[in-house]
Amino acid sequence: VQLQAFGGGLVQAGDSLRLSCAASGRAGSINGMGWFRQAPGKEREFVASVNWSGTSTYYADSVKGRFTISRNNAQNRVYLQMNSLRPEDTAVYYCAAVRSRGTTVQDMVDYRRIDYWGQGTEVTVSS
């Protein structure tokens with residue numbers, strides 16, 4: 001399975017941005033999908049996750065109410081709609097996926113549960 005994330009860029013505080021991640025290869029083996037981010041000098045952190053059907057989502061407190069994760073299984077894609085962006089949202093955003101249907105959206109907070117990683121797309125929010 002390969003994950004390719006895109007949609008990052010330079011925006012101003014308060015702007016919106018939509019990230020996309022396309023899965024290829026054995027995309028049918030993917031269940032939960034999500035997003036992590038890593039800011040300069042910081043550890044990678046969980047952002048959001050969604051289950052296979054799209055009926056269950058989970059968010060980091062720092063993005064709750066501002067970011068929305070969704071997926072389109074027909075196109076093997078997951079999205080992250082980011083609104084009201086802040087300078088502290090500046091980071092490289094990574095798409096992630098898990099194989100096991102038993103891995104819940106809450107479980108995906110732990111990066112060690114992730115089976116597949118995308119290459120990252122950079123988001124810079126200026127103040």
Identify the two heavy atoms, one from Q119 and one from A5, that lie closest to each other, and give their separation to 0.1 Å. NE2-O, 2.9 Å
Is it possible for you to say whether I114 and Y58 belong to one hydrophobic cluster, with membership spreading through side-chain heavy-atom contacts below 4.5 Å? yes
Heavy-atom donor-acceptor pair, S49 side chain to V105 backbone, under 3.5 Å: yes
How close do L17 and G7 get, counting heavy atoms only, and between which atoms? CG-O, 3.6 Å
Mind checking whether Y111 and Y116 sit in one hydrophobic cluster, side chains of I, L, V, M, F, W, Y counted as touching below 4.5 Å? no
Let me see the working for R66 and M82 under side chain to side chain contact (heavy atoms under 4.5 Å, CB included), right down to the final yes or no. CA-CA 6 Å; R66 300 187 298 123; M82 304 185 294; over 6 Å; no
In Å, rounded to the nearest 0.5 Å, how long is the span from CD of Q75 to OG of S20? 9.5 Å
OG1-CZ distance between T68 and R18, expressed to the nearest 0.5 angstrom: 10.5 Å
Side chain to side chain contact (heavy atoms under 4.5 Å, CB included), that's the test. Do L3 and I30 meet it? Break it down for me. CA-CA 11 Å; L3 302 175; I30 289 175; 4.1 Å; yes
Here the pair of heavy atoms bringing A96 nearest to M108 is O-CE, 4.5 Å
To the nearest 0.5 Å, tell me how far T103 OG1 sits from D115 CG. 7.0 Å
Do NZ/NE/NH1/NH2 and the carboxylate oxygens of D61 and K64 come within less than 4.0 Å? yes
Locate the shortest heavy-atom distance separating A22 from R77; write the atom from each residue and the value. CB-NE, 4.0 Å
hydrophobic_cluster_shared for V125 and V63, side chain cutoff 4.5 Å: yes
To the nearest 0.5 Å, atom CZ of R86 lies from atom OG of S62 at 8.0 Å
For the residue pair R101 and N31, confirm or rule out a side-chain donor-acceptor distance under 3.5 Å. yes
Nearest heavy-atom pair of S84 and S16: which atoms, and what distance? N-OG, 4.3 Å
What distance separates W35 CH2 from Y79 OH, expressed to the nearest 0.5 Å? 10.5 Å
Honestly curious: do F67 and V78 fall in one hydrophobic cluster under the side-chain, below-4.5 Å linking rule? yes
Output, in order, the C-alpha distance, side-chain angles, deciding distance and verdict of side chain to side chain contact (heavy atoms under 4.5 Å, CB included) for D110 and F46. CA-CA 8 Å; D110 184 352; F46 169 82; over 6 Å; no
Looking only at heavy atoms, the pair that brings N51 and R71 closest together is O-NH1, 3.0 Å
From SG (C21) to CD (Q4), nearest 0.5 Å: 8.5 Å
Measure up the W117 and Y94 rings against each other and bin them: parallel (under 30°), tilted (30 to 60°), perpendicular (over 60°). perpendicular
hydrophobic_cluster_shared for I69 and V123, side chain cutoff 4.5 Å: yes
Under the salt bridge (charged side-chain N to carboxylate O under 4.0 Å, His left out) definition, can you give me all pairs with a residue in residues 41-52, not counting sequence neighbours? R37-E45
